[in-house]
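Scroll down for the structure; my scribbles are underneath it.
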Amino acid sequence: MATAKASPAVLLALAAALAVLVVPAAAACSAADRDALLSIRAALTEARLGVFSSWAGTDCCTGWYGVACDPTDGRVADLSLRGEAEDAVMAPAGRPASGVMSGYISDAVCRLGRLSSLVLADWKQISGPVPSCVATDLPYLRILELPGNRLTGGIPSSVGGLSRLTVLNLADNLLSGPIPGSITSLASLKHLDLANNQLTGRVPADLGKLAMLSRALLGWNRLSGPIPPSVSSMPRLADLDLSENQLTGSIPDRLGSGHVLTSLYLGANRLSGSIPASLLRNSGLGILNLSRNALEGAVPDVFTPRSYFMLLDLSRNRLSGGVPRSLASAAYVGHLDLSHNRLCGAIPAGPPFDHLDADSFGGNTCLCGGPLGKCT
């Protein structure tokens, strides 16, 4: 008697059913990690939105707001709590909410030994230091974001030991002291934001070792000393902000040679010397702010049809000579500010000068023409 053969459809259905049977269930939350999370919660207070209301039960990997686990071992991999978000918890009425959380970051966070990302951002009132153990006890950390709080003290000196770190964002706090030299050991770092703190000392001389870094935002601090020449050799650096510090010396000649540099903010420092021609010749640089320094000499007349500046602010320096005529060849100049320098002579006619107002040229020694009126 012949044996009946199963159809291909039946075989596929059977294979799918067997696959479901052999897929292991996600591991339950580690009891030690759950205890660490509850200690972290105990150090923080947030009464209005109830972001911790879901932190109940024994399985911290299921339904705990802001917590994500590795399904293979139940260890907490991500802790992400943002004070400004658009999800259902932070925006129950469908409108983005802005929360306020006080307290401090407990050392218990360092017991989450498999943590990949730690985000406690924009809560406004979280104070105290960044636990130093974050830099030593969390070897898997890739993202550390603690901006928009009231953190004090220094950046942990051993932060350079976080070899997997790609994002370090401690902006908008009250951190003081120097930028640790070990930070230049973060070979994987892509985004560095330490802006709007009270950091002092120098920009690390070998910052250029960070070959993967694309954004370095260090503005609005109290940093002093020169701009390290090594930043000119960073192959992926697209955005550099050193504005509103106390930097001195000249702008490195090769800073404008970066092929991917798109924005450079050096305003409100104490920089001197001349403007490197490479900055104004760089066709990829769309935002350049060198205002409120002590720069002198002529504005390099090196603009080309590939020049495309959304913002070019050279105001409040000691620049002399005339307005560069090659600016007329630029593909685009949006906001131009050459005011409050020592420029002299006639403003060239035609674009982009014919769409600029007097504020772009006022406060110079003897400029005339264009929006300033006829030369006599």
Side-chain angles (χ1 to χ4, degrees), residues 195-196 215 217-220 227 238-247 250-251 255-256 258 260-376:
N196 196 24
R215 303 192 78 200
L217 310 179
L218 308 178
W220 296 86
I227 300 172
D239 304 296
L240 176 61
D241 186 352
L242 295 171
S243 62
E244 301 284 347
N245 279 290
Q246 301 167 17
L247 301 177
S250 59
I251 301 172
L255 186 55
V260 298
L261 192 66
T262 60
S263 70
L264 177 62
Y265 296 89
L266 300 179
N269 280 288
R270 301 171 184 173
L271 300 172
S272 56
S274 58
I275 299 175
S278 63
L279 284 179
L280 302 184
R281 192 184 291 120
N282 187 330
S283 60
L285 189 60
I287 296 175
L288 177 61
N289 189 336
L290 306 180
S291 65
R292 291 176 291 164
N293 280 289
L295 300 173
E296 54 191 9
V299 180
D301 199 358
V302 292
F303 298 91
T304 74
R306 298 180 62 195
S307 301
Y308 194 102
F309 283 96
M310 292 175 285
L311 181 147
L312 178 57
D313 192 346
L314 309 180
S315 65
R316 298 183 182 277
N317 280 285
R318 302 170 185 172
L319 300 172
S320 56
V323 176
R325 294 190 173 276
S326 61
L327 257 174
S329 69
Y332 179 77
V333 179
H335 178 81
L336 174 68
D337 195 344
L338 301 176
S339 66
H340 299 282
N341 279 288
R342 300 171 182 175
L343 300 176
C344 200
I347 298 172
F353 308 103
D354 54 5
H355 74 261
L356 300 170
D357 57 29
D359 289 341
S360 295
F361 303 101
N364 278 286
T365 305
C366 53
L367 276 184
C368 61
L372 298 181
K374 293 182 179 181
C375 298
T376 57

Note, Ile287 side chain near Tyr265 side chain (heavy atom, < 4.5 Å): yes
Can you check whether Leu247's main-chain N or O pairs, donor with acceptor, with Asn269's side chain at less than 3.5 Å? yes
Is it the case that the side chains of Asn293 and Ser272 hold a donor-acceptor pair, with the cut-off being a distance below 3.5 Å and no angle test? no
Tell me the salt bridge (charged side-chain N to carboxylate O under 4.0 Å, His left out) pairs involving residues 324-346, sequence neighbours left out? none
Quick note, salt bridge (charged side-chain N to carboxylate O under 4.0 Å, His left out) partners involving residues 286-302, not counting sequence neighbours, are Glu244-Arg292
side-chain contact (heavy atoms from CB on, under 4.5 Å) partners of Thr304, counting only residues at least two apart: Arg306, Ser307
Donor-acceptor contacts, no H, no angles, side chain residues 344-355, under 3.5 Å, sequence neighbours left out:
from   : atom 1 : to     : atom 2 : distance (Å)
His355 : ND1    : Pro352 : O      : 2.9
His355 : NE2    : Val333 : O      : 3.2

Passing option when Leu264 is tested against Asp239, Leu240, Ile251, Leu242 for side-chain contact (heavy atoms from CB on, under 4.5 Å): Leu240
Partner residues of Ala298 under the side-chain contact (heavy atoms from CB on, under 4.5 Å) criterion, sequence neighbours left out: none
Determine the sole option in Asn282, Ile275, Leu280 for which the side-chain contact (heavy atoms from CB on, under 4.5 Å) test with Leu288 is passed. Leu280
Any side-chain to backbone donor/acceptor pair from Asn341 onto Asn364? Under 3.5 Å, distance only. no
Backbone N/O of Asn289 and side chain of Asp313: donor-acceptor pair under 3.5 Å: no
Those residues at least two apart in sequence (or on a different chain) that pass side-chain contact (heavy atoms from CB on, under 4.5 Å) with Ala294 are Arg318
